[in-house]
Amino acid sequence: MYRSAIERLNKWKEQPGRKPLVIRGARQVGKTWLMREFGASAYSNTVYVNMDNNSTMRELFSGDVRVERVVAGLELYTGQKIDPHGTLLILDEIQEVPQALTALKYFDETAPQYHVVCAGSLLGVALHEGTSFPVGKVEFLDLHPMSFGEFMQATGQERFLRLLADGDFGMANTFRETYVDLLKQYYYVGGMPEAVSRFAEERDFREVREIQRRILSAYEQDFSKHAPNETVPRIRMLWNSIPAQLAKENKKFVYGVIREGARARDYELALLWLADCGLVHRVHRATAPRIPLKAYEDPKAFKIFLADVGLLACMAGLDPVTLLAGNATFTEFKGALTEQYVLQQLKTRDEIGVYYWTNDRGSAEIDFLVDTGKAVIPIEVKAEANLKAKSLRTFREKYCPNLAIRTSMSAYRREDDLLELPLWAIGYMPVD
């Protein structure tokens with residue numbers, strides 16, 4: 001299985017000012033596999049330590065955390081020599097030993113020759129619990145579920161992936177039906193590595209669904225195990241409301257959908273907890289399409305998306321026939337799945353920021369605004385081949401962007417400032 005994050009890790013290895021690297025991401029998105037695969041492909045030796053329920057590591061990092069002492073302790077624990085130049089040191093589930101997070105700064109300050117990579121499924125939660133974090137002493141890599149491109153690679157469609165990666169959308173148009181069929185499969189399977197791997201081997205949709213149910217069950221167990229007791233019921237209610245939130249025509253998050261009379265202050269901690277775990281993405285409204293969009297963020301208006309489109313389909317109880325063959329009653333939620341998919345692909349592009357826009361009256365809405373650092377690109381999302389986009393026309397007339405994107409099941413074409421980009425190519429949208 002191929003993950004594009006390997007390229008990021010290879011660049012990290014070679015950069016002269018390399019700092020310890022922390023990989024963030026939801027549970028079961030493939031962090032452990034990625035670190036081990038990187039070690040096997042790029043180093044002569046890998047030393048792996050899992051800190052979950054590891055009393056020895058708690059003891060080791062509870063006292064003197066000088067690098068020499070820590071390395072000696074790790075060598076004794078693993079029975080392996082840690083060569084500062086040829087060994088990749090992996091500290092998995094590092095949030096379980098907060099003192100180890102603190103110790104990372106000493107690797108940066110006194111022993112930068114060591115190659116240290118860490119990961120944590122609940123790292124964001126740990127940081128909000130008062131953990132002393134070495135700000136400025138580490139680098140981060142956010143790992144998401146597998147993209148549509150990685151899904152194509154895993155399922156043996158490399159030749160079709162290559163057309164998209166090369167930007168040859170004209171040639172890709174010739175094979176549009178193939179891309180549409182693959183995209184529908186991805187809507188169902190999603191990007192969780194275990195689900196993709198099993199689907200690539202067996203092409204069994206029922207087995208995929210069982211894997212997704214197991215993943216969702218593990219997430220709910222995390223709620224009870226790691227969240228504050230008083231917050232757990234609210235986390236569950238908010239989590240379970242997400243399919244209904246996305247099914248609304250106006251997908252702005254509404255607390256009243258969770259339960260009647262719900263208020264923001266009652267669910268702020270629950271939402272923060274889910275976001276810190278990497279289980280949800282919060283996309284804020286931008287009040288104006290100007291650079292940087294962060295400066296025009298409306299903190300009270302946002303949409304909520306899940307980490308993975310396949311998990312959303314599972315939570316909604318969609319069967320493969322409905323997704324693959326179509327259903328006359330499957331209308332509004334098709335739009336929810338499509339927006340979820342697009343957001344998921346945009347999130348794999350580290351160089352961009354993602355927002356959405358509505359005018360002050362709420363009569364016009366752009367599904368996503370992308371901040372490339374140089375320009376703001378509006379993206380209108382259509383689930384099918386419907387090219388009516390009144391809001392996009394309004395936005396273009398008012399703000400005159402150099403590039404506007406409408407993504408749908410229609411074929412690729414470019415007309416002046418408007419780019420018709422098929423949904424199956426949105427992960428390869430131009431940002432220069």
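All values reported here derive from a predicted model rather than from experimental measurement.
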Heavy-atom pair with the smallest gap, counting every atom of Leu246 and Ile304: CD2-O, 3.3 Å
Distance-only donor-acceptor check, side chains Tyr355 and Asp371, under 3.5 Å: no
Tyr255 and Asp266: side chain donor to acceptor below 3.5 Å: no
Donor-acceptor pair between Arg285 and Thr358 side chains, under 3.5 angstrom: yes
For Gly190 against Val196, the heavy-atom pair lying closest together: O-CG2, 3.3 Å
Ser391-Glu380 side chain donor-acceptor pair, cut-off 3.5 Å: no
Side-chain donor-acceptor pair present, Gln344, Asp308, cut-off under 3.5 Å: yes
Between Lys81 and Thr87: side-chain donor-acceptor atoms closer than 3.5 Å: no
Distance-only side-chain donor-acceptor flag, Gln212 / Arg209, under 3.5 Å: yes
Salt bridge (Lys or Arg N to Asp or Glu O under 4.0 Å) between Glu365 and Lys251, intermediate numbers included: CA-CA 10 Å; Glu365 176 175 337; Lys251 294 176 177 59; over 6 Å; no
Close side-chain approach of Glu268 and Arg234, heavy atoms under 4.5 Å: no
Taking every non-hydrogen atom, the tightest pair across Gln245 and Val254: NE2-O, 2.8 Å
Passing candidate, side-chain contact (heavy atoms from CB on, under 4.5 Å) with Met146, options Met152, Met192, Arg3: Arg3
Test applied, ring pair (Phe, Tyr, Trp, His ring centres under 6.0 Å); reference residue, Phe160; option that passes from Tyr179, Phe151, Trp424: Tyr179
No-hydrogen, no-angle side-chain donor-acceptor test under 3.5 Å, Arg236 and Ser224: yes
The single option from Phe175, Phe169, Tyr428 passing ring pair (Phe, Tyr, Trp, His ring centres under 6.0 Å) against Tyr412: Phe169
Shortest non-hydrogen contact from Ser121 toward Glu93: OG-OE2, 3.3 Å
Shortest non-hydrogen contact from Val376 toward Pro401: O-CB, 4.3 Å
Validation row: Phe148, Ile426 side chains within 4.5 angstrom (heavy atoms): no
